[in-house]
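Here is the structure we will look at, set down as structure tokens.
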Amino acid sequence: MLTALTTTFVSMNIIEDLQWRYATKRYINQEVPPEKINVLLESIRLSATSLGLQPFEIYDVRSTELREKMREAAYNQPQLIEASHVFVFAVWTTVTEEMVDDYLQFVAKTRNRDIGQLEGFRKSIMGFLGNKDTQEIIKWSSNQAYIALGKAMAAAAQLRVDSTPMEGFNRQKVDELLNLQSKNLHAAVILTVGYRDVENDPIVNAQKVRKPIHQIHHII
Ligand SMILES: Cc1cc2nc3c(=O)[nH]c(=O)nc-3n(C[C@H](O)[C@H](O)[C@H](O)COP(=O)(O)O)c2cc1C
């Protein structure tokens, strides 16, 4: 009985959180406190990734000058300037044997295992990624970044912090602005976070547009 009640309570909260959130268009000038930002970053860090490789890094853009330039590269979307924080998910463009070896060393050390025991794992990683070209690696690493993006959005909603997932920007320009190419990284997606501007956001009270569940859920 207690378990059933607890489950209902928890799942209702999740749905309320997800109903509350929306892709915020305008933010007020208010900073999200560091303890909440840390939770968002931790939700990204703890995200599941293919083979555990975590093939992305987060660029937390604080410079007003850079943000202005990013806004220009993002069809002038005001979130880039108004949001408290702008996180760029910069994904791997390449996976070298050296990177895989570094990862395996890390796994071995963390789990107190002999590196030799991970030889089979090394072979499967190289078998899966070794022959992929740059575009395929970017696709694969971006997939991992998007999972983490979803986690951060859900965590933000739970904390009653607004957020916007953003693909509406020129990736090449953002790569140039953040000098990502030289680090073998590529801007995949952006997450802005802050607090909604109730006065000026045109969609702050808009009804959610979602298909009914029977159109997307098929039991076979
Ligand atoms: C990957 C992705 C990219 C998006 N890019 C933008 C964007 O560049 N600018 C924007 O205002 N909204 C962007 N959105 C928001 C979507 O338009 C929005 O999530 C969708 O219309 C559903 O509405 P809701 O999230 O407000 O419920 C993006 C959403 C996703 C998931």
Side-chain angles (χ1 to χ4, degrees), residues 11-30 32 40-41 43-44 47-50 55-61 66-93 135 137-178 180 185-213 215-217:
S11 55
M12 272 180 63
N13 278 351
I14 292 170
I15 299 306
E16 270 170 27
D17 295 344
L18 297 178
Q19 289 278 9
W20 176 86
R21 68 146 296 282
Y22 75 109
T24 305
K25 308 296 172 210
R26 302 293 305 269
Y27 290 91
I28 52 166
N29 182 14
Q30 189 183 330
V32 178
L40 302 186
L41 292 173
S43 73
I44 291 167
S47 185
T49 57
S50 171
F56 54 79
E57 295 175 21
I58 306 298
Y59 281 76
D60 179 344
V61 186
L66 266 179
R67 285 215 206 173
E68 289 281 1
K69 289 181 180 160
M70 283 175 65
R71 180 189 173 161
E72 281 169 30
Y75 312 99
N76 274 326
Q77 297 195 72
Q79 298 97 319
L80 273 316
I81 296 299
E82 294 176 352
S84 166
H85 287 70
V86 172
F87 296 127
V88 178
F89 286 72
V91 302
W92 290 4
T93 58
Q135 286 314 312
I137 292 291
I138 288 176
K139 168 111 180 41
W140 166 80
S141 55
S142 298
N143 288 344
Q144 316 317 313
Y146 277 82
I147 295 171
L149 169 83
K151 297 265 165 50
M153 287 166 61
Q158 200 182 342
L159 296 169
R160 293 296 182 266
V161 169
D162 286 295
S163 70
T164 320
M166 300 180 77
E167 270 184 334
F169 65 94
N170 182 321
R171 291 185 166 105
Q172 217 176 323
K173 280 207 183 121
V174 171
D175 283 354
E176 281 164 25
L177 289 169
L178 305 186
L180 294 178
L185 293 171
H186 171 64
V189 66
I190 294 173
L191 180 69
T192 59
V193 299
Y195 296 103
R196 64 185 70 175
D197 182 343
V198 178
E199 307 278 297
N200 293 305
D201 192 330
I203 64 158
V204 73
N205 292 317
Q207 188 68 30
K208 271 216 178 302
V209 180
R210 293 294 192 275
K211 293 174 186 174
I213 193 66
Q215 281 183 19
I216 57 170
H217 175 229

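Start at 1 and go down the list; that is how both ligands and their atoms are numbered.
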Sub-4.0 Å heavy-atom environment of ligand 1, residues by chain: R21, Y22, A23, K25, Q77, Q79, Y146, T164, P165, M166, E167, G168, K208, R210
Within-4.5 Å side-chain heavy-atom neighbours: V86 and T192: yes
Reference residue Y59; test side chain to side chain contact (heavy atoms under 4.5 Å, CB included); the match among L180, L177, V174: L180
Between CG on residue N13 and CG on residue L18, distance to nearest 0.5 Å: 10.5 Å
Inter-residue atom distance F56.CZ - W92.CH2, 0.5 Å rounding: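 One finds 10.0 Å between CZ of F56 and CH2 of W92.
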Non-neighbouring partners of R171 that pass salt bridge (Lys or Arg N to Asp or Glu O under 4.0 Å), sequence neighbours left out: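 R171 satisfies salt bridge (Lys or Arg N to Asp or Glu O under 4.0 Å) with E167 once adjacent residues are dropped.
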Whether D197 side chain and R26 backbone form a donor-acceptor pair below 3.5 Å: no
